[in-house]
Structures are given as structure tokens and as C-alpha cells.
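FYI, side chains are in, hydrogens and waters are out, and symmetry mates aren't considered; it's all heavy atoms of this structure. Within every chain, numbering begins at 1; the chains are lettered A, B, ... in the order of the sequence lines, protein sequences first and strands thereafter.
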Amino acid sequence: MHRWSELFIPTLREAPADAEVASHKFLVRAGYIRQLAAGIYSYLFLGKRSFNKIIRIVREEMDRIGQEFYLPALHPRELWEASGRWALMGDNLFRLKDRKGTDLALGMTEEEVMTSIALKDLRSYKQLPQIWYQIAPKFRDEPRPRSGLLRVRQFMMKDSYSFDIDAAGLDVSYRKHYDTYCRIFDRCGLKYMVVEADSGAMGGKESHEFMVRTPAGEDQIVSCDGCNYAANIEKATSKLEVVEDLKPEGDGKPLEVHTPGQKTIEDVAKFLGVSPKNKIKTLALMAEEKDASGNTKLREIVVLMRGDHQLNEAKLNAAVGVATRPMEESEIRALFKSPAGYLGPIGIEWGKDRKKDAEKPVLVVDKALEGRTNLIGGANKENYHLKNLTPGKDFDPTAYADLRAVTAGEACPNCGKPLRIDTAVEIGHIFKLGYRYSESMGARVLDKNGKEVMPIMGSYGIGIERILTAAVEQGNDENGFWLPPAIAPFEIVVSPVNVKDETVRSAAEDIVKRLEVAGYDVIFDDRDERPGVKFKDADLVGIPFRITVGKKVTEGTVEVVQRSTREVRDVRISAIVETFGELLRRSG
RNA sequence: CGGGGCGUAGCGCAGCCUGGUAGCGCACCUGCCUUGGGCGCAGGGGGUCGUAGGUUCAAAUCCUAUCGCCCCGACCA
């Protein structure tokens, strides 16, 4: 029997000052976690119990489609060099040296380790498909850990990897994960959505993220209430209304207009009496690229957007393959020969091919400008802009790409209904890796014809603490939070109003015993505290049901309180077990 | 990486500007009291003021460095 008086459940009346989001505040206040360092947390009794339940669900479901491994977190440098990620991962990878000075890394995912096993021991198509998974800590040296457990440096992750003989096989493994993830998150009692995702620098093709809507999240998801379209904003598109182009002025060639002191899109549009939709927004960015010999060098990347559109950096990143930063004032002057505010694409020799013209600046133009005519942009001359700018005629972009951030209310690309945008937290991510690791690390199997082929891979992750965090974000009020019964540390807290009253106490203890025999996780709040203290704690710590044992025991009844709804019902003590059979079935 | 803020008792904070050897609330311990929403009374314990150096007769307080933690930004071009 779990007696509260003997357990370590350090609840706090006030949240630590540095906690911002609800889940962080409440998990600390409820005595689930304590912070050890930035982005590093200890799990105490209640937190670990909840964790165990989540892991158990994940493991049960994963065991239906795959095999659990236990892999080291400490990886030799050579392994990461083989895949190319030693250099690629930069500062996000934790690195350390052993006493001999040998470089090691702390695993942030396990593609390399899994592939190293595969390449040694997978020989034949007859051994495929394989799905291998593990549930283990992962380490990432995040540039900025934040929001309590939402972005941390050490976390528990279920990661799995599939190996198939061909793309059709990968489709099956992918689908299995998709379905399994749905079952896992359903069982965890989360309200989630599945969105199309950017596969990022991993080079994959298809990718889905499992998202829980919450203002505490770090991702933006675009979705349509009219159909099932849903995508991460890094990937989302929308149907644009047709914009009427301006008529050419004069001879139709770029025409300089005096725009003294008019620097912003808004100002210039107003000054010239046109819509920002007919303006070009010129963004001057700088990328740090590595050349063949491994030296980093700067590369100018200029982006053109429709005046009223916003750049989505993830899309740009995907389009150019490198991270960018805004140019500094001096860099702007060097390229454009003009101060910011009057920048445009004219008069600069743009690279035709990003790879071949390695010395020349890159001009990437958003697709929303493709086919447009007579736009207005900066003249690269202080206090002047140009009219009659037509992409492809007056200047040649290195490439066109979808770079635009979708905004709420734009038309759904599928059905045309207005799109909505929500912030959300990512709890799971599945994607088709393809041949990246098989190729770089040299995994090969023989196919039916005795020919050597590369196995095709998928990789799939679930953030264990994010399930807990998302559940707290999804169910809380000013007094605390409630977890879905399946992942709560206890399903029921039994609170005798006065433990010094023998009748009350023994009735409560009897109820605890009977519920435990029936298989429920129950905690007995046997502390000699005033009822108010016990109720406040019960409300705080995430347990979905409370049984209050008070004076009414003499009449043979107790109160059952549902935390999420505050609904209170009197229940005959004799019927308590059946009552919970009913209640827990209903609340999943 | 850039910008801002904060480090004083387990938690939340005051004191710092104007140097004089540390305080409040909650929590904790003891006793009494109380028992359906953080009850009351009395007594009590606990802090190298993040760290190091400097200025000074004297530093939580002023100066310098450093470490840590939190937030914002990686977008009027």
C-alpha cells in the first residue's frame, strides 16, 4: 500500500520563478521533477511512475511490430565520421574525450549504431524486413534549452529503425509505425494530430509529425477544418488569390522613381499608391558554406518575396541546404552598393547554378513571384526604387522555390477552405530515411538475384517526456493538472478527511485495499493534515480521481471526485470497485 | 551567437541606489489547539549573500573578472 505519509512527494505552494509554461510549473510544484542544470532534470517518485507507465505503453505497442535493443549512449567518433554526421551535427552533438584522448560522442540518435549492426550482420533479403527499436536517453547540446521539459539536453526517446529491401517494403514499415504511433498516443489519452513534415537535412522523402496543440509548443502547424489537410508550417502551402499586375510604365524597361526616405515595404507602397502585393521584398542573407577543402566561407544569399509575404526560414534552409543569417550593414553595402531600404535584384551578377558558380551570389525567388510582371523593388540606390521589374526578364534568379510562410485564413491547397495555424508540441516523428546511412556506411544485402543492394531505411522517434508534458499542457487549471489515467502515477487518491477518526481511517484503508486487489493504482493520503491541505495536494499532483472519505462513512458512502470536471458523486462503499470499473472505462 | 534580466535560508522575495556585519512570507522542528479546501497560538532551527579578486577601518551593498540560471531574437533590408 502506498501511504503518502511515507513517500517523498515534495509539493510546493509556489512555482520556481524561472518556470514559464504550465507543464514546467506544475511538474515542479507537484514534486514530479527537479532541475539539475539547464535542460537537465531529475525525475522523482511521481514523475518516474508516470514515466514508467508511458514507457510501458510504448513498449507494448512497439513489441507488436519490432524488436527492442539496448544500445550504448557513448559512441566512438569514427562511427559518426562514417555517416558524415560528426561534422554535420556541429555543436549540437555532445563530444568528449576518454583518458587516451580518443574522441567520443553522446548519442543524439542511433542511426549509426543501428546501421553498424545492420551492415555487419544483415546479409540477405531473406532477413528483411527488420524493425529495431530502443527506449533510451538521448543527448543534445541544445543552443537554448527552454520551457521546462519541452526542450532539454538529455531526454528519453523511443527510436526505431527499419531496414527493407525496397521502397515498397519501406512503405509497409512506415505505415506500421504510423498506425502504432496512433495506438500509442490514443492509449496515452492525448488529443493529437498528424501533420506532413519537412524531413529536414536528413535527406528523407516522406515524413509525418505527431503534434499536440498547445500554446507552449515550439512548432507552428497549419491545418484545415474543412478537410484533413495538416502540415508543419515548414512544409505547408496554400492556394493564393490571383493578384493583378501593374501596367508597364514608359517603355516597359525598369524605371527609376524617386522615393526619398521611403524604406519599408509599407512606406513605399503607400508613397507610390500601390499594394504591397505588387512590391518585391528583398532579403539579404549570408550563409557559411564549407568548400571542398573543408574551409568555411561566406556566401551571399538574396531572397525575393512578395511584399506582403513572410519568409519561412526552414523552407529557405531546405532550398539552399545551409543555414543563413541576416547580412550585416557592411556586407549589404559591399554587395548592393546601397544602404538597406532600397535593395533590389538589378545590377548584380547572380550565379546561374549554386554549385558551379561558387563565387557568385545566389538569388532565390519565391514561387509567388514566378510569372508576375511589373513589380516594384529597390533600385540599389539611396532614395530610389524601380518600377517595371519582371522576374526572368529584368533579372535571372538562380532558382525559384517555395519560401513563403503560410498565414492563417489563406485557402487550403486541397479544398480551398480557410486554413488555421496553431502552435503545437511535437511528440513523435516518423520519416523515410532512404539510403543515406546504408550508402555512407556501406550496408549491403543480396537480393533474390544474388545482386548486392542497399537496404532502404526509415527512422522513427517518440519523445517520452514530451508525452507527459503535452498531457499536462492539455489538462490543467489554476489548482494543478490531471493526467489521463493510463499515464498518471496513480489512478486514484484516497483522502480520509480526518485520520484520527478511527472509523474514517479504517474505512478509507479498507477501500484502498479493495481497489488494489481489483488492480487499481491507488495512493492513500494517510497524512495527519487538515483536509484543505490534502485536497489542494490531490488537485495539484495529476491524479485523475479522488475518493474523499468523511463523515458519510457512517451511512456507508464516500465521495468520488473526477479531477478534470470537478464532478462529485456519492458512491456506496460496497460499490466502489464497480464504480471505478465504469469510470475508468469511460475516461479511457 | 546577439540582446535583456536574475543569482540573498528548501520555495517566493525585500535589503544594494546612499557600505556599518542580514530580514519578511511560506515551508521545516517542538508544544498546545484544530479537522470538508493550504486553521490558530507560543517557542525554535537554518544563509561562506553564486564564485574569485580589488577598493575600504569596514562590502550582500562599490569596481573588475568569472560561473550559473531564465527570457527574447535569430525577419521592417
Going by atom type alone, with no hydrogens or angles, which donor-acceptor pairs under 3.5 Å involve a side-chain atom of residues 306-320 of chain A and a protein atom two or more places apart or on another chain?
| residue | atom | partner | partner atom | Å |
| --- | --- | --- | --- | --- |
| A/Arg306 | NE | A/Asp308 | OD1 | 2.7 |
| A/Arg306 | NE | A/His309 | NE2 | 3.4 |
| A/Arg306 | NH2 | A/Asp308 | OD1 | 3.4 |
| A/Arg306 | NH2 | A/Asp308 | OD2 | 2.9 |
| A/Arg306 | NH2 | A/His309 | NE2 | 3.2 |
| A/Gln310 | OE1 | A/Lys281 | NZ | 3.2 |
| A/Asn312 | OD1 | A/Ala314 | N | 2.9 |
| A/Asn312 | OD1 | A/Lys315 | N | 3.0 |
| A/Asn312 | ND2 | A/Ile233 | O | 3.2 |
| A/Lys315 | NZ | A/Ala236 | O | 2.7 |
| A/Lys315 | NZ | A/Asp402 | OD1 | 3.4 |
| A/Lys315 | NZ | A/Asp402 | OD2 | 3.2 |
| A/Lys315 | NZ | A/Arg404 | O | 2.8 |

With a cut-off of 3.5 Å and sequence neighbours excluded, list every side-chain donor-acceptor pair involving residues 17-24 of chain A.
| residue | atom | partner | partner atom | Å |
| --- | --- | --- | --- | --- |
| A/Ser23 | OG | A/Glu473 | OE2 | 2.7 |
| A/His24 | NE2 | A/Tyr41 | OH | 3.2 |

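Rounded to an integer number of Å, the gap from A/Glu14 CD to B/rC13 P is 7 Å. Atom CZ of A/Phe8 is separated from atom P of B/rC28 by 13 Å (rounded to the nearest Å). Between the CG atom of A/Leu283 and the C1' atom of B/rA74 there is a distance of 14 Å, given to the nearest Å. Between the NZ atom of A/Lys381 and the C1' atom of B/rA77 there is a distance of 19 Å, given to the nearest Å. Whole-Å rounding puts the A/Arg151 CZ to B/rG73 P distance at 14 Å. Distance A/Leu311 CG to B/rC76 C1': 13 Å, rounded to the nearest Å. When the C1' atom of B/rC69 is taken as reference, atom CG of A/Leu36 falls 13 Å away, rounded to whole Å. Distance, A/Leu316 CG to B/rA74 P: 14 Å, rounded to whole Å.
One C1' atom belongs to B/rC16, the other to B/rC62, and the distance between them is 10 Å to the nearest Å. Atom C1' of B/rU64 sits at a distance of 29 Å from the matching atom of B/rG23, rounded to the whole Å. Between B/rU56 and B/rC13, the distance separating the two C1' atoms is 30 Å to the nearest Å. Going from the C1' atom of B/rA59 to that of B/rC49 covers 11 Å, rounded to whole Å. For B/rU8 and B/rG44, the C1' atoms lie 22 Å apart once the distance is rounded to whole Å. Nucleotides B/rC72 and B/rC26 have their C1' atoms positioned 31 Å apart, rounded to a whole Å. Separating the P atom of B/rC57 from that of B/rG19 is a span of 15 Å, rounded to the nearest Å. On the P atoms, B/rG36 is 49 Å away from B/rG73, given to the nearest whole Å.
With sequence neighbours left out, the side-chain hydrogen bond (donor to acceptor under 3.5 Å, both in side chains) criterion links A/Thr548 to A/Arg546. For A/Tyr400, there are no ring pair (Phe, Tyr, Trp, His ring centres under 6.0 Å) partners at least two apart in sequence or on another chain. For A/Phe51, the ring pair (Phe, Tyr, Trp, His ring centres under 6.0 Å) partners at least two apart in sequence or on another chain are A/Tyr43. Applying the ring pair (Phe, Tyr, Trp, His ring centres under 6.0 Å) rule to A/Phe481 yields the partners A/Tyr32; only residues at least two apart in sequence or on another chain are considered.
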Practice item. Going 5' to 3' through nucleotides 33-40 of chain B, assign each nucleotide B (protein heavy atom under 4.0 Å from a base atom), S (under 4.0 Å only from sugar-phosphate atoms) or - (no protein heavy atom that close). Key: -BBBBBB-
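Summarising the base pairing, B/rC57 is matched to B/rG20 through a Watson-Crick or G-U wobble pair whose two defining distances lie under 3.5 Å. If you check B/rA65 for Watson-Crick or wobble pairing at under 3.5 angstrom, you find it paired to B/rU51. In this structure B/rC26 sits in a base pair with B/rG10, meeting the Watson-Crick or G-U test at under 3.5 Å. Under the Watson-Crick or G-U wobble criterion, with both distances below 3.5 Å, B/rA74 is left unpaired in every strand shown. B/rG40 and B/rC32 make up a base pair, with Watson-Crick or G-U wobble contacts both under 3.5 Å.
The listed nucleotides are B/rG25, B/rA74, B/rC70; the one nearest the side chain of A/Glu313 is B/rA74.
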Grab the N/O contacts between the protein and nucleotides 1-7 of chain B below 3.5 Å, and write none if there aren't any.
none

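Judged as a ring-ring contact (aromatic ring centres under 6.0 Å, His included), the pairs with a partner in residues 372-392 of chain A (not counting sequence neighbours) are, in order, A/His258-A/Tyr384, A/Tyr342-A/His385.
Side-chain atoms of A/Thr390 do not come within 3.5 Å of backbone N or O of A/Thr373 as any donor-acceptor pair.
For A/Asp18 and A/Ile280, each mapped to the nucleotide of RNA chain B holding its nearest heavy atom, the one lying further toward the 5' end belongs to A/Asp18.
For A/Gln35 and B/rC70, the shortest distance from a side-chain N or O to OP1 or OP2 is below 4.0 Å.
Across all strands, A/Ile332 comes closer than 4.0 Å to base atoms (heavy-atom distances). Residue A/Ala15 is in sugar-phosphate contact alone, with no base atom involved, counting any heavy-atom pair closer than 4.0 Å across all strands shown. Residue A/Leu343 is in sugar-phosphate contact alone, with no base atom involved, counting any heavy-atom pair closer than 4.0 Å across all strands shown.
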Practice item. Under the side-chain contact (heavy atoms from CB on, under 4.5 Å) rule, what do A/Glu142 and A/Val152 come out as? Steps first, then yes or no, please. Key: CA-CA 7 Å; A/Glu142 292 287 344; A/Val152 290; over 6 Å; no
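Counted within 6.0 Å of NZ on A/Lys352, heavy atoms from surrounding residues, nucleotides or ligands total 12 or fewer; the atom is thus considered open.
Of the charged side-chain nitrogens involved, none lies within less than 4.0 Å of a carboxylate oxygen, so that A/Glu529 and A/Lys534 do not count as a salt-bridged pair.
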